[in-house]
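I have placed the structure first, in the form of structure tokens, so that the comments after it can refer back to it.
Predicted, not measured: the structure shown is a model, and the values here were computed from it. Whatever order the structure lists ligands and atoms in, that order sets their numbers, starting from 1.
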Amino acid sequence: MTLEEKAALCHAQSKFSSKGVPRLGIPDVWSADGSHGVSDEKLWDEWSGAQWTNDSCTAFPALTCLAATFNPDISRLYGKSIGEEALYRNKTMLLGPGVNIYRTPLNGRNFEYMGEDPFLASRMVVPYIQGVQSNGVAACVKHFALNNQEISRGEINVNISERALHEIYLPAFKAAVQEGNVWSIMGAYNKIWGVHCCHNDLLLNKILKNDWKFDGVVVSDWGGVHNTDQAVNGGLDIEMGTYTNGLTTQGHFPFSSYYLADPFLKGIKSGEYEISKLDDKAARILRMILRTTMSVNRPFGRFVSPEHSLAARQIAEEGVVLLKNDKQFLPITQGKYKKIAVIGENATRSLILGGGSTSLKAAYEISPLQGLKNKYGENHILYSMGYASGRPLYGAEEPSKLNIDSLQNAALAVARDADVVLFIGGLNKNYYQDCESGDRKSLSLPFGQDKLIQAIQRVNKNVAVILLSGNAVSMPWLDKVPAVVQGWYLGSEAGNALADIISGEVNPSGKLPISFPKKLEDVGAHAFDKLSYPGDGVSVYYKEDILVGYRWYDTKNIPVLFPFGYGLSYTTFQYGKPVISSKSITPSDSLVIKIPIKNTGKVVGKETVQLYINDEKSSLSRPVKELKGFKKVSLGPGEEKTVSFTLKKEDLSYYDDKENKWVAEPGKFNIMIGASATDIRGREDFILK
Ligand code: BGC
């Protein structure tokens with residue numbers, strides 16, 4: 001290959017593609033967003049859709065929902081299905097999944113990620129990648145690393161201890177590389193150690209490529225590259241989305257002016273840059289092409305197949321979390337009530353559109369209202385909108401032009417007259433409501449929903465609140481309603497999945513991959529000054545350090561609304577006493593823990609048994625609990641199964657940032673078996689020699 005041919009591999013030629021080598025029959029690299037479905041074709045040089053008529057995809061549930069399934073098999077199904085869609089569309093690379101850790105409930109992109117716990121995210125990301133890549137399509141894990149907020153994301157310098165970096169924010173990426181063998185990874189917009197992540201020598205060359213032995217391609221986030229020297233030397237392989245004229249985010253500008261285009265080539269020719277840098281990038285890109293579009297084993301794809309709809313529905317049904325269910329208020333079996341009021345904008349609004357780069361052109365979307373009508377029959381459902389979302393303005397929210405009082409009055413009239421009310425609200429992927437490029441402004445539900453729910457429950461006590469969101473929200477009305485369901489964003493099959501859960505045809509089995517705090521000040525990232533979140537525009541300091549999510553609440557004794565790992569079922573489970581294989585082990589041994597679990601209710605159900613460890617005495621302080629195992633089991637009524645876990649040295653280790661290594665310190669460890677992070681059903685302990 002000529003120098004020009006190699007250099008052409010390293011930068012975009014269009015919004016979502018980079019050149020191959022036509023002379024040698026090496027195809028171009030085509031990528032598509034995102035992790036929830038394969039996005040529509042875009043115009044050559046712009047973000048806008050190209051208006052093709054054959055590119056409407058299956059929308060799968062958002063990744064928070066996937067994480068809530070606590071089921072790696074479901075994650076593999078997700079990856080396989082979305083990978084088949086990407087393959088049908090002849091993509092080289094699917095731009096996802098995202099595994100940035102949930103640090104604050106305000107982060108606009110949390111719905112795209114897999115929750116607050118590094119172990120959960122690691123276990124879930126690996127099968128997703130394997131599923132995608134079994135189709136000969138590269139998964140592109142993102143955003144590496146520390147893109148945990150949208151405010152100032154393009155320039156903020158994240159200051160974090162090496163320990164928190166390695167224990168909390170990197171494990172899912174490391175698992176993606178070492179266990180998932182992911183073929184590409186996307187750099188993040190922000191900086192760490194004062195350098196942008198897309199060309200950060202320490203992050204990309206040292207940690208990713210040297211320590212973890214990543215042999216794939218580092219792709220920049222779109223517009224995440226800032227200068228040629230760093231782009232050449234800082235571990236980046238493909239530069240995408242650079243706004244070359246510095247003024248516009250789209251339009252016509254020469255791709256040849258990208259930092260890794262002519263300036264790179266010029267530097268190679270003048271001897272400023274070593275040719276080995278170019279060869280390494282080209283080799284990595286060719287390796288990815290050989291693994292994907294040039295693979296002789298590349299199977300055929302499928303697009304919007306019935307199997308994909310089924311998969312989307314199954315993922316949604318396993319991820320929905322039942323948060324509250326007083327006196328078995330739910331399920332509402334068919335025929336139980338004559339008049340069911342459905343209230344709330346999210347019952348009809350598209351929740352596949354919006355949110356930023358995960359916005360999809362879907363082949364279809366069953367709304368919650370449609371799903372409920374299908375289930376209970378049109379005649380039994382009365383719908384009223386109840387509230388209306390505002391229009392986002394820069395830095396503010398313009399209230400809807402619809403009259404709020406009349407909306408509320410109409411809803412109350414419907415509620416008063418009904419046997420039962422299903423309130424379907426939440427956030428909606430509008431700016432500041434779970435959307436890229438901006439964080440939420442508060443923990444509260446927007447558009448007057450809190451008031452509306454309270455007003456509804458004054459006229460009808462039989463209210464179930466169903467929240468569709470990718471983030472935790474506060475619930476000032478929680479005591480007053482008998483049932484609450486967390487429904488995330490559920491994709492094409494949303495309505496069918498919700499109706500299956502509400503009617504009891506499917507027993508809910510999702511568990512929260514995030515904690516629901518009572519108030520924002522309770523969150524670790526928000527317990528300090530502004531420098532801790534959102535920073536001062538230049539820097540942000542992760543002052544809560546390793547105490548993210550339940551690690552913070554537990555260690556600081558802060559009660560939450562709903563804890564990590566929590567979720568109810570229509571049945572009940574009894575946990576037996578844990579039995580361990582030994583009371584003392586050496587670092588080379590593994591420890592086996594077994595727990596009998598029994599379905600003590602009347603319906604089939606699935607329970608996720610969780611294993612947390614605690615290091616009783618440690619040179620470095622450790623959280624009260626760390627998740628190190630989970631297993632989801634399905635049990636018929638009265639059925640009992642034994643769940644077993646294996647712990648190894650790595651599960652007991654912390655990251656020692658003085659020595660730069662993982663250390664399993666001898667001493668006593670406690671094992672806690674729980675139905676959530678705060679509902680511990682069994683304990684054991686052992687000595688690590
Ligand atoms: C997002 C990425 C996305 C890319 C391409 C960026 O703004 O951060 O997640 O893959 O755009 O749409």
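Here CG of L351 is found 4.5 Å from CG of N346. Values are rounded to the nearest 0.5 Å. Remark: L208 CG to D201 CG distance equals 11.5 Å, nearest 0.5 Å. Rounding to the nearest 0.5 Å gives a distance of 5.5 Å between CG of D237 and CD1 of I285. Here the OG-CG distance, from S532 to D545, works out to 10.5 Å after rounding to the nearest 0.5 Å. Once rounded to the nearest 0.5 Å, the distance linking CG of N430 with CG of L427 reads 10.5 Å.
Where the criterion is an N or O separation shorter than 3.5 Å, residue side chain and backbone included, W47 fails it with respect to ligand 1. For ligand 1, one of its N or O atoms has an N or O atom of E436 under 3.5 Å away. The N/O atoms of Y189, backbone and side chain alike, include one that comes under 3.5 Å of an N/O atom in ligand 1.
Listed by number with element, the atoms of ligand 1 under 4.0 Å from a non-hydrogen atom of F16 are 5 (C), 12 (O). Below 4.0 Å from some heavy atom of W222 lie the following atoms of ligand 1, by number and element: 4 (C), 5 (C), 11 (O). Heavy-atom contacts of K142 reach the following atoms of ligand 1: 2 (C), 3 (C), 9 (O), 10 (O) (cutoff under 4.0 Å).
Protein heavy atom at the shortest distance from atom 11 (O) of ligand 1 is D221 OD1, 3.5 Å. Among protein heavy atoms, the minimum distance from atom 3 (C) of ligand 1 is reached at D33 OD1, 3.4 Å.
Close to ligand 1: H143, with a non-hydrogen atom less than 4.0 angstrom away.
Counting all heavy atoms, side chain and backbone alike, A231 lies closest to V225 at CB-CG1, 3.8 Å.
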Let me check something: any side-chain donor-acceptor pairs from residues 51-59 under 3.5 Å, sequence neighbours excluded? List them with distances.
{"residue": "D55", "atom": "OD1", "partner": "K361", "partner atom": "NZ", "Å": "2.5"}
{"residue": "D55", "atom": "OD2", "partner": "E41", "partner atom": "N", "Å": "2.8"}
{"residue": "T58", "atom": "OG1", "partner": "E85", "partner atom": "OE2", "Å": "2.6"}

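Taking the charged nitrogens against the carboxylate oxygens, D280 and K6 have no contact shorter than 4.0 Å, which rules out a salt bridge.
With a heavy-atom cut-off of 4.0 Å, R153 touches ligand 1 through its side chain alone. By the criterion of a heavy-atom distance under 4.0 Å, neither the backbone nor the side chain of K15 is placed next to ligand 1. Looking at M186 against ligand 1, only its side chain comes within 4.0 Å, counting heavy atoms.
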